K.L.:
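Sharing a structure here in structure tokens format.
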Amino acid sequence: MDNTNERVKSLHQVAVRFSGDSGDGMQLAGNIFTNVSAGMGNSVSTFPDYPAEIRAPQGSLGGVSGFQVSIGAGVHTPGDECDVLVAMNPAALKQNYKFLRKGGVIITDVDSFKPEGLKKAKFETDDAIKELGINAQVVEVPVTTMTKAALADTQMDAKSVLKCRNIFALGLLCWLFDRPLESAQKMLRAKFAKKPAVYEANVKVLRAGYDYGHNIHASVSTYRVETDEIRPGTYTDVKGNEATAYGLIMASEKSGCPLFLGSYPITPATDILHELAKRKDLGVKACQMEDEIAGVCSAIGASFAGDLAVTSTSGPGLALKGEAIGLAVMAELPLVVIDVQRGGPSTGLPTKTEQTDLQQALYGRNGESPLAVVAALSPTDCFTTAFEASRIAIEHMTPVIMLTDAFIGNGSSAWRIPEADEYPEIKPKRVPDELRDTWQPYMRDPRDMARYWAVPGTPGLMHRLGGLEKNAKTGNLSNDPANHEAMVLARREKIQRIADDIPAQEVILDSPEADTLLVGWGGTFGHLYTAAEELNREGHKVALAQFRYINPLPANTADIMRRYKRVIVAELNTGQFADYLQARFPRTRIERINKIQGQPFMVAELVEAVKSIINKK
């Protein structure tokens, strides 16, 4: 009797974690698996987790790189635990077995579990599974041996052969989850387009891994994963940094302003520079400058000349850009500053995620230097938020800081590529023809207090801009105390009026019985949403407000804050957004959930923390 079907598990969602040395290609294998799954109609959410060291010693605990992906229907997080763990060596197993769900599957490359490898990972016995007390379905696969056998008839050297082990594991996972090899092959073809021999070798290994799965089908459960009901369109898997770049391009098209990026490489924001550098075909000018200050100053020059000007960085770079951003505030020029947040201070945890730059974004400049601050909610929302940051900058003549973080910048989700008509036209604040005879540099639109944008070279609109205070009418230098105060207040009011031009804050999972409001901002959305769903299933009446617009806050924020019995703010810092809200709404008592470990929230820890606050007397 064939018992194969009895071992097929149907799951609403399933999480897979790839782990191995930094050089084992776990990120590539994970990304291909994710893209294939997104193409099948699955929701996906990923969490690349890699060390800061460029190359830690091979087989060491410090050199382990991981990639976790959750696939299925209604996926919002990569999952607290994984159902399948791929461990390419003993160190990967030791560092990652704690993430495995009880009764899950571990796939190991048994060829690496030799005395030397076990010693490097600081095991005391020759049985790693028993020593760690793991209770799981363990599939010991001779990945290295099988990879060598698959490529025995090629001319590849031993080092190149070993680099293909990750693709053998990918093939095995494609069998385990019934993923089509054709989609994986397409991605490999694109990856190795200039190296056809390498492509052919990887396809051989991919097929070998898939076939090996058929041969062991009686020893491990396989999985049938549900898909979402999806809106018709073209779908792909997109990382947050890629989506940010695409959102900026859309904003350039919709505004008619050429896109200029002045940037300097910094983890984890560099991929924005890489992506935009590929888009010369769309008129994008992406310049790698000599340092962070040159990056922002070149962007300010481009803005002065009429471009959609952008600079990208992470926390340390944002600090360096502070004075120049103040210049853009003083000159009232549109500028988009993208900060992909990472753990700090200083170099800190450059490959890990945090939300610790919020106060720097709000206040990190000398003098009274107000500007708009927005925060993307997910990898795919980076597109919408980048577009919106550009719109606000151009239509309100102000610098805008867009906050993302390493989790959503490097992470990915399934994304429906939007049609151009789904996003509105962006209208630059050009000098109206009827005002040309009377125009002065700080003449403002009375509706939103934004000054008009005069591009150099336009006849009759000659002017000067700089970092010294200007007369509110003529634009000439002014040290008059009353004028300075008037200009400070005008710049502040201009930012406050943006609240009239952004959507009202949405509250989701709300009900008339809801007495608890869970509040978050930016990239914690998926975890907070999933936690709120779990809390409601358990009978707690919890609503969620996730803020994209930070400064100014949406106009209905005060009404929302006083509607609930308790307000709980959860964020990956010591309470910066909670402090910000408490200062603005002092009559609202705000409870806090904070985590500063360089890791995203776990849904389970959020659920327990909220219940603890609810049950507190």
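Computed over heavy atoms, backbone and side chain alike; hydrogens, waters and symmetry mates excluded. Everything quoted here is computed from the prediction, not taken from an experiment.
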K.L.:
Between Lys239 and Ser412, is there a side-chain heavy-atom distance shorter than 4.5 Å?
P.N.:
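Side-chain contact under 4.5 Å: yes.
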K.L.:
Salt bridge between Lys352 and Asp405, side-chain N to carboxylate O under 4.0 Å?
P.N.:
no
K.L.:
Name all residues meeting the side chain to side chain donor-acceptor pair (under 3.5 Å) criterion together with Thr356; count only those two or more places apart in sequence or in a different chain, and write none if there are none.
P.N.:
Glu354
K.L.:
Using the side chain to side chain donor-acceptor pair (under 3.5 Å) rule, take Asp237 and Thr34 through it: C-alpha gap first, then chi angles, then the decisive distance, then the call.
P.N.:
CA-CA 7 Å; Asp237 170 62; Thr34 302; 5.2 Å; no
K.L.:
Check this for me: does any side-chain nitrogen of one of Arg391 and Glu425 sit under 4.0 Å from a carboxylate oxygen of the other?
P.N.:
no
K.L.:
Any idea which heavy atoms bring Trp439 and Ala454 closest together, and the distance?
P.N.:
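For Trp439 versus Ala454, the nearest heavy atoms are CZ2-CB, 3.5 Å.
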K.L.:
About how many Å separate CD1 of Ile508 and CG of Leu544, when rounded to the nearest 0.5 Å?
P.N.:
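It is 4.5 Å, given to the nearest 0.5 Å.
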K.L.:
Does any part of the side chain of Pro268, heavy atoms only, come nearer than 4.5 Å to the side chain of Pro350, both counted from C-beta?
P.N.:
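No; the side chains remain at least 4.5 Å from each other.
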K.L.:
Side chain of Gln27, backbone of Gly66: donor and acceptor closer than 3.5 Å?
P.N.:
yes
K.L.:
Quick one: do Arg436 and Asp433 make a salt bridge, cutoff under 4.0 Å?
P.N.:
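A salt bridge links Arg436 with Asp433.
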K.L.:
Can you list the residues that meet the side chain to side chain contact (heavy atoms under 4.5 Å, CB included) rule with Asp357, with sequence neighbours excluded?
P.N.:
Asp339, Gln341, Gln360
K.L.:
By ring pair (Phe, Tyr, Trp, His ring centres under 6.0 Å), which residues pair with Phe547, not counting sequence neighbours?
P.N.:
Phe577
K.L.:
Would you say the ring centers of Tyr442 and His463 fall short of 6.0 Å from each other?
P.N.:
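Distance test on ring centres: not under 6.0 Å, no.
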K.L.:
So Pro600 and Thr524, do their side chains get closer than 4.5 Å, heavy atoms only?
P.N.:
no
K.L.:
Where the side chain of Thr557 meets the backbone of Leu553, is there a donor-acceptor pair that is under 3.5 Å apart?
P.N.:
no
K.L.:
Filter on salt bridge (Lys or Arg N to Asp or Glu O under 4.0 Å), then keep only pairs touching residues 263-278, sequence neighbours left out; what's left?
P.N.:
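Passing the test, one end in residues 263-278: Glu275-Lys278.
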K.L.:
How about Asp500 and Asp448: do any of their side-chain heavy atoms sit closer than 4.5 Å?
P.N.:
no
K.L.:
Assess whether side-chain contact (heavy atoms from CB on, under 4.5 Å) is satisfied between Cys257 and Ile394, documenting all intermediate values.
P.N.:
CA-CA 9 Å; Cys257 300; Ile394 289 173; 4.3 Å; yes
K.L.:
Between atom CD of Gln597 and atom OG1 of Thr353, what is the distance when rounded to the nearest 0.5 Å?
P.N.:
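The OG1 atom of Thr353 is 12.5 Å from CD of Gln597, to the nearest 0.5 Å.
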K.L.:
For Tyr423, give me all partners under ring pair (Phe, Tyr, Trp, His ring centres under 6.0 Å), at least two apart in sequence or on another chain.
P.N.:
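With sequence neighbours excluded, Tyr423 shows a ring pair (Phe, Tyr, Trp, His ring centres under 6.0 Å) to Phe383, Phe387, given in chain and number order.
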K.L.:
Is Asp445 salt-bridged to Arg451, cutoff N-O under 4.0 Å?
P.N.:
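Result for this pair is no, no salt bridge flagged.
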K.L.:
Contact between Val69 and Phe33 at the side-chain level, heavy atoms closer than 4.5 Å - yes or no?
P.N.:
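Sidechains of Phe33 and Val69: in contact.
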K.L.:
After noting the C-alpha distance and the side-chain angles of Ser19 and Phe67, does the key distance pass the side-chain contact (heavy atoms from CB on, under 4.5 Å) rule?
P.N.:
CA-CA 7 Å; Ser19 62; Phe67 184 101; over 6 Å; no
K.L.:
Quick test of your reading of the model: are Arg444 and Glu332 salt-bridged, counting only N-O distances below 4.0 Å?
P.N.:
yes
K.L.:
I'd like to check the ring pair (Phe, Tyr, Trp, His ring centres under 6.0 Å) partners of Tyr549; sequence neighbours left out, ordered by chain and number.
P.N.:
none
K.L.:
If we ignore hydrogens and angles and just use 3.5 Å, is the side chain of Gln288 paired with the main-chain N or O of Pro265 as donor and acceptor?
P.N.:
no
K.L.:
Among residues two or more places apart or on two chains, list those pairs meeting salt bridge (Lys or Arg N to Asp or Glu O under 4.0 Å) that have a residue in residues 298-309.
P.N.:
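Counting only pairs at least two positions apart or across chains, the salt bridge (Lys or Arg N to Asp or Glu O under 4.0 Å) contacts touching residues 298-309 are Lys285-Asp307.
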K.L.:
Measure from the side-chain N and O atoms of Asp24 to the backbone N and O of Met26, and report whether any donor-acceptor pair falls under 3.5 Å.
P.N.:
no
K.L.:
Counting N and O atoms only, with roles assigned by atom type, does the side chain of Ser22 sit under 3.5 Å from a partner on the main chain of Gly63, one being a donor and the other an acceptor?
P.N.:
yes
K.L.:
If you define the side chain from C-beta out and look only at heavy atoms, does anything of Val373 sit under 4.5 Å from Val400?
P.N.:
no
K.L.:
Between Gln355 (side chain only) and Leu572 (backbone N and O only), is there a donor and an acceptor less than 3.5 Å apart?
P.N.:
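Side chain of Gln355 to backbone of Leu572, a donor-acceptor pair under 3.5 Å: yes, one is there.
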K.L.:
Taking the side chain from Asn471 and the backbone from Lys473, do they hold a donor-acceptor pair closer than 3.5 Å?
P.N.:
yes
K.L.:
Go through the side-chain N and O atoms of Ser45 and Ser70 and say whether any donor and acceptor fall under 3.5 Å apart.
P.N.:
no
K.L.:
Just do the side-chain contact (heavy atoms from CB on, under 4.5 Å) check on Ile593 and Leu606 with the steps written out, would you?
P.N.:
CA-CA 8 Å; Ile593 300 173; Leu606 284 168; 4.2 Å; yes
K.L.:
Could you pull out all donor-acceptor pairs under 3.5 Å where a side-chain atom in residues 319-328 meets a protein atom, sequence neighbours excluded?
P.N.:
from   : atom 1 : to     : atom 2 : distance (Å)
Lys321 : NZ     : Glu292 : O      : 3.0
Lys321 : NZ     : Glu292 : OE1    : 3.0
Lys321 : NZ     : Thr311 : OG1    : 2.8

K.L.:
First locate atom CE of Met449, then atom NZ of Lys494, and finally report the distance between them rounded to the nearest 0.5 Å.
P.N.:
9.0 Å
K.L.:
So, using ring pair (Phe, Tyr, Trp, His ring centres under 6.0 Å) as the criterion, who are the partners of His527 when residues are at least two apart?
P.N.:
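With sequence neighbours excluded, His527 shows a ring pair (Phe, Tyr, Trp, His ring centres under 6.0 Å) to Phe407, given in chain and number order.
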K.L.:
Apply the test side-chain contact (heavy atoms from CB on, under 4.5 Å) to residues Leu528 and Gln546: give CA-CA distance (whole Å), side-chain angles for both, the deciding distance (0.1 Å), then the verdict.
P.N.:
CA-CA 8 Å; Leu528 269 62; Gln546 191 79 12; 3.6 Å; yes
K.L.:
Do any pairs count as a salt bridge (Lys or Arg N to Asp or Glu O under 4.0 Å) and have a residue in residues 453-469, sequence neighbours left out, and if so which ones?
P.N.:
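Applying salt bridge (Lys or Arg N to Asp or Glu O under 4.0 Å) to every pair that reaches into residues 453-469, excluding sequence neighbours, yields Glu469-Arg491.
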K.L.:
Between Arg365 (side chain only) and Leu362 (backbone N and O only), is there a donor and an acceptor less than 3.5 Å apart?
P.N.:
yes
K.L.:
Would you give the length of the straight line joining atom CD1 of Ile266 to atom CG of Leu273, rounded to the nearest 0.5 angstrom?
P.N.:
12.0 Å
K.L.:
So do the side chains of Ser413 and Trp415 get within less than 4.5 Å of each other, counting heavy atoms only?
P.N.:
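Counting from C-beta outward, Ser413 and Trp415 never come under 4.5 Å.
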K.L.:
Is a side-chain donor or acceptor of Thr236 paired with a backbone partner of Val238 at a separation under 3.5 angstrom?
P.N.:
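No, Thr236 side chain to Val238 backbone: no donor-acceptor pair under 3.5 Å.
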K.L.:
Report the C-alpha distance between Trp521 and Glu571 in whole Å, list the side-chain angles of each, state the deciding distance to 0.1 Å, and finish with yes or no for side chain to side chain donor-acceptor pair (under 3.5 Å).
P.N.:
CA-CA 7 Å; Trp521 64 276; Glu571 49 189 324; 3.0 Å; yes
K.L.:
Quick one: are Tyr264 and Thr313 in side-chain contact, heavy atoms under 4.5 Å?
P.N.:
no
K.L.:
Once rounded to the nearest 0.5 Å, what's the spacing between atom CD1 of Ile249 and atom OG of Ser390?
P.N.:
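Reported to 0.5 Å precision, the distance equals 11.0 Å.
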K.L.:
Among all residues two or more places apart in sequence or in another chain, which pass the side chain to side chain donor-acceptor pair (under 3.5 Å) test with Thr398?
P.N.:
none
K.L.:
Is there any ring-ring contact (aromatic ring centres under 6.0 Å, His included) pair reaching into residues 324-364, and which pairs are they, with sequence neighbours excluded?
P.N.:
none
K.L.:
Give a yes or no answer on whether the side chain of Lys470 reaches the backbone of Leu468 with a donor-acceptor pair at less than 3.5 Å.
P.N.:
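Yes; at least one donor-acceptor contact below 3.5 Å.
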K.L.:
Are there over 12 heavy-atom neighbours, none belonging to Arg189, within less than 6.0 Å of that residue's CZ?
P.N.:
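Buried by this count: over 12 neighbours within 6.0 Å.
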K.L.:
Could you give the distance from CG (Leu318) to CD1 (Ile338), rounded to the nearest 0.5 Å?
P.N.:
12.0 Å
